[in-house]
Amino acid sequence: MANTDTPDIIYTKVDEAPELASGSLLPIIQRFASAAGITVGTRDISLAGRILAAFPDYLTDDQRQPDHLKALGEIVRTPAANVIKLPNISASEPQLVAAIRELQGQGHTLPDYPFDPQTDDEKAVRARYDALKGSAVNPVLREGNSDRRAAPAVKKYAQANPHRMGDWSPDSKTRVATMSAGDFFSNERSATLPGATGAKVVLETATGETVLKDGLSYPEGTVVDATCMSAAALDAFLAGEIEKTKSEGILFSLHMKATMMKVSDPIIFGHAVKQFLAPVFEKYGDEMKALGVSPNAGLGDLLERVKDRKDILQAIDACMADRPAMYMVDSGKGITNLHVPSDVIIDASMPALIRGGGKGWGPDDKEHDAVCVIPDSSYAPVYDEAIRFFKENGKLNPATAGTVQNIGLMAQKAEEYGSHPTTFEIPQAGTVRMILDDGTVLHETQVEAGDIWRSSNARKAPIEDWVHLAIARQKETGYRAIFWLDEARPHDAELIKYIKPILDAEGVADRFEIMTPRAATRASLETITRGESCISITGNVLRDYLTDLFPILELATSAKMLSIVKLMNGGGLFETGAGGSAPKHVQQLLAENHLRWDSLGEFCALGESLKFLAQTHDNARARVLGEAVEAATQEVLDHGRSPSRKAGEPDNRDSHYWFARYWAEALAAQSDDAGLAEEFGPVARALAEAEAQITGELAAAQGSAADTGGYYHPDAEKLASVMRPSATLNGIIG
Ligand SMILES: NC(=O)C1=CN([C@@H]2O[C@H](COP(=O)(O)OP(=O)(O)OC[C@H]3O[C@@H](n4cnc5c(N)ncnc54)[C@H](OP(=O)(O)O)[C@@H]3O)[C@@H](O)[C@H]2O)C=CC1
Ligand SMILES: O=C(O)CCC(=O)C(=O)O
Ligand SMILES: [Mg+2]
């Protein structure tokens, strides 16, 4: 159970742009909520916070920090859970190392990250750090399935104020490149367990048997998959695509999810780095290894490690000159697609490219067509089909387009996104077997050295909950509803065995279609192009991909999505949009003290959280507050109070001023709770009267560099002074 000092609503402390925004927004939320006797407290799930919590034995008493993620992981399993979850960093190795260095520089005596652990102590430290890598937060908190959609007000606003879309030409050379054999898709096997069982994964080679994983345990009805990516097939595919891209004269780009797929995708990324620089690795591979080079950490780390070796640097330059131009993350600074594994993340990167008319930035700081390499072919067809659709039909018109909602299977680490503990880079050729407690071999895979073997699973209770959630959403909307599943794919075929009987039992089979991801992409794009709407009912990966893809096309950003996780034990987890922590926004704030982060996702989540509190605690004041949040959000949209992108114009802090004012005005105007109306009448008046003063103070803060005292672990006071520069506003909020 949650302990007694658990606040009514937990607001997560995170990283980067959303954490900066919280510096301004959270005091407003706490002030308004306190008027209704509602407590809003924080729990720290930031990367720095998680590092500190993992190393109490290295820190002084006052530096130690409790493990808030663990505590939250318990809270989300209770019916009382009410958590507003902001986006956090899912750290790649370079980000983790940078965060450790920053904390060390602030006087935290943390151990260095052991790149090449030798002793038992070093191996233990490395294991502790590695547990913090990648998507280590979301899967712990997401104890429910996902319901993501644009709120009607947000969709209406986007239709009335359509954003700019790049033009698509039928002659565009942009295309998706994906494997046709030897990948996870082609090698998949799947089975549903007839009873609860333990299991282990073993590798048998010519020299003996190694247990890769023991102590697995699955409840009855779990769908358990096994599959593998052939390293040889991957290398041949990458080498071929590099050559082909060069002959096409367009940009080479690689789109992975190295954060969420934290074991498999950095390895695949590393293969791409090695293939791109193949002649360099052939000549200097051993020497670079001795210098600590790991291709999985990216070209940026590699260049840093060989910076004193002119011969290697020259070989790299010569090789790059002979390669296709690369899609750039920051052409001004020379940061390529292959510099850092977490710089280009497929869910955000592919939609941005598609929205832009199929263009990526080249090293010449100009836009070009691009080959989008997505090695595994399980979900690549979605992007391939979207690109084909826009080449044939031209860009989507956001003024008239309908919407695609999503119901995603996510609970209990469903599918690929829960597969890290059972993903292995195979050290030696042999056979991998998944063996159940009674000795049954569930899955058997022939592997070569370097292959990536993985097992994913989806449990019965989450699958059934997901189907029921989809039925409820379809009933509520009446929309066309499509399960994005491929009957010919083993895993999907097992899911379909669950879905069909539930739809039949509920008498709603005629309201649902089942289509392959490719066919569903086309059907959904055709539907929204006609101005109609539909529901995508997907597994965990497509939940992630589609809730960036469609919002970015329809609304320009996924940050404005309603993103609700109905927790399976009764609580509520309200995510703030479907996007991430926007590192580019932090760069701008640090350089010119302008934060373009839009907190609309936070406003939407707050409204839902308050209404949920009203329902679960029979708290009428929470309902009044929640309804007033919705009214305020509508006003923010109607009056165009969202942040501008340019320094010198209203930013995130201004939008919070307006949100507070509209919220206070809505509370003052309502008649359900006279006490709240009386309390907020003067607040609303004070905010209105001081408008010029407050907006003037906020504008005066912009223009020069901002100091928050740290990137990963900012200084609380410095951050507050950057994010709350209006003494007048602070005085009214208190
Ligand atoms: N739920 C979670 O915890 C999630 C976390 N992440 C993490 O976020 C980090 C960054 O990921 P990335 O792939 O760059 O994706 P992001 O969604 O963070 O950023 C991509 C771009 O989307 C736009 N954007 C995102 N949110 C907002 C917002 N609230 N207001 C305005 N614009 C917004 C920005 O565009 P522009 O620059 O043009 O303004 C931004 O640069 C990674 O560490 C990743 O692991 C990613 C997804 C979800
Ligand atoms: O946890 C992560 O790394 C990213 C999550 C994400 O992109 C999403 O859920 O949409
Ligand atoms: Mg995502």
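Here, residue 1 is the first one in the sequence, and each next residue gets the next number. Counting starts at 1 for both ligands and their atoms, in listed order.
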Does either side chain, that of [X] or that of [Y], offer a donor lying less than 3.5 Å from an acceptor on the other one?
X    : Y    : result
S342 : S92  : yes
R641 : Y662 : yes
T521 : E385 : no
Q588 : E592 : yes

Item to complete: From the options D548, D544, D265, select the one residue that forms a salt bridge (Lys or Arg N to Asp or Glu O under 4.0 Å) with K257.
Response: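 For K257, the salt bridge (Lys or Arg N to Asp or Glu O under 4.0 Å) check succeeds only for D544.
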Item to complete: Check the pair T538 / N406 against side chain to side chain donor-acceptor pair (under 3.5 Å), numbers first and verdict last.
Response: CA-CA 7 Å; T538 67; N406 180 265; 3.1 Å; yes
Practice prompt. Salt-bridge test for E575 and R148: reply yes if a basic N is under 4.0 Å from a carboxylate O, no otherwise.
Written response: yes
Worksheet entry | Basic-acidic side-chain contact under 4.0 Å: D147, K566 |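 Salt bridge flag = no for K566 with D147.
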Discussion item. Quick check on the 6.0 Å ring-centre criterion: do Y379 and W484 meet it?
Written reply: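 They do not qualify: ring centres at least 6.0 Å apart.
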Fill in: Pair H255 + Y327: ring centers closer than 6.0 Å
yes
Per-atom contacts, ligand 2 versus [X] - under 4.0 Å to a heavy atom:
X    : value
R543 : 8 (C), 9 (O), 10 (O)
M260 : 1 (O), 2 (C), 3 (O), 4 (C), 5 (C)
K257 : 4 (C), 6 (C), 7 (O)
S135 : 1 (O), 2 (C), 3 (O)
R148 : 8 (C), 9 (O), 10 (O)

Fill in: Residue, atom name and distance, where the atom is the protein heavy atom closest to atom 26 (N) of ligand 1
W597 CZ3, 3.4 Å
Fill in: Side-chain donor/acceptor of H491 to backbone N/O of N457, under 3.5 Å
no
Discussion item. With a 3.5 Å distance limit and no angle check, can you tell me whether N540 reaches the backbone of A414 through a side-chain donor-acceptor pair?
Written reply: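 Flag set: sc N540 to bb A414 pair under 3.5 Å.
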Short N or O distance, [X] and ligand 1, threshold 3.5 Å exclusive:
X    : value
R596 : yes
K584 : no
D347 : no
H585 : yes
A582 : yes
R645 : yes
Q95  : no

Ligand 2-proximal atoms of [X], by part, heavy-atom distance under 4.0 Å:
X    : value
D347 : side chain
E575 : neither
A578 : backbone
R142 : side chain

Worksheet item: Which is closest to atom 4 (C) of ligand 1 by heavy-atom distance: A556, G579, P643?
Response: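 Looking at heavy atoms only, the winner is G579.
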Worksheet item: To which of G577, G580, P87 does the heavy atom nearest atom 17 (O) of ligand 1 belong?
Response: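 Comparing heavy atoms across G577, G580, P87, the nearest one to atom 17 (O) of ligand 1 lies in G580.
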Practice prompt. Mind telling me whether H585 and W597 have parallel, tilted or perpendicular rings, with 30° and 60° as the class edges?
Written response: perpendicular
Fill in: With D15 via side chain to side chain donor-acceptor pair (under 3.5 Å) - residues at least two apart
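Partners of D15 under the side chain to side chain donor-acceptor pair (under 3.5 Å) test: none.
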How does [X] reach ligand 1, by side chain, by backbone, by both or by neither, if only non-hydrogen atoms under 4.0 Å count?
X    : result
A348 : side chain
D598 : both
D15  : neither
P583 : side chain

Worksheet item: Can you find an N/O atom of N138 closer than 3.5 Å to an N/O atom of ligand 2?
Response: yes
Worksheet item: Does the N or O separation between S90 and ligand 2 drop below 3.5 Å for any pair?
Response: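 Yes, S90 has an N/O under 3.5 Å of an N/O on ligand 2.
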Worksheet entry | atom 22 (O) of ligand 1 touched by protein heavy atom at under 4.0 Å |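 There is no protein heavy atom less than 4.0 Å from atom 22 (O) of ligand 1.
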Relative to the heavy atoms of [X], which atoms of ligand 1 are at a distance of less than 4.0 Å?
X    : answer
I345 : 11 (O), 13 (O), 42 (C), 44 (C)
I89  : 43 (O)
N138 : 1 (N), 2 (C), 3 (O)
N88  : 2 (C), 3 (O), 5 (C), 6 (N), 7 (C)
S90  : 43 (O), 45 (O)
A559 : 26 (N), 27 (C), 28 (C), 29 (N)

Worksheet item: If you leave out waters, which protein N, O or S atoms are less than 2.8 Å from the Mg ion (ligand 3)?
Response: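 Protein N, O or S atoms closer than 2.8 Å to the Mg ion (ligand 3): D347 OD2, D544 OD1.
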Worksheet item: So do S253 and C372 actually touch side chain to side chain, heavy atoms under 4.5 Å?
Response: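 A side-chain contact under 4.5 Å exists here.
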Practice prompt. Answer whether the closest heavy-atom distance between the side chains of I45 and L86 falls below 4.5 Å.
Written response: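 The answer is no, as the side chains (C-beta and beyond) never meet within the 4.5 Å cut-off.
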Item to complete: Under the side chain to side chain donor-acceptor pair (under 3.5 Å) rule, what do Y657 and R653 come out as? Steps first, then yes or no, please.
Response: CA-CA 6 Å; Y657 158 70; R653 293 162 285 197; over 6 Å; no
Worksheet item: Within a radius of less than 6.0 Å around CZ of R128, do more than 12 heavy atoms belonging to other residues, nucleotides or ligands occur?
Response: yes
Practice prompt. Return each pair, listed once, that meets salt bridge (charged side-chain N to carboxylate O under 4.0 Å, His left out) where at least one residue sits in residues 352-363; pairs must be two or more places apart or across chains.
Written response: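 Only K359-D369 qualify under salt bridge (charged side-chain N to carboxylate O under 4.0 Å, His left out).
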Item to complete: For F612, check ring-ring contact (aromatic ring centres under 6.0 Å, His included) against everything at least two apart and list the hits.
Response: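 Here the qualifying residues are F574.
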Discussion item. Within the structure, is a non-hydrogen atom of M260 found at a distance of less than 4.0 Å from ligand 1?
Written reply: no
Practice prompt. Drop me the distance from I335's CD1 to N337's CG, to the nearest 0.5 angstrom.
Written response: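 If we round to the nearest 0.5 Å, I335:CD1 and N337:CG are 12.0 Å apart.
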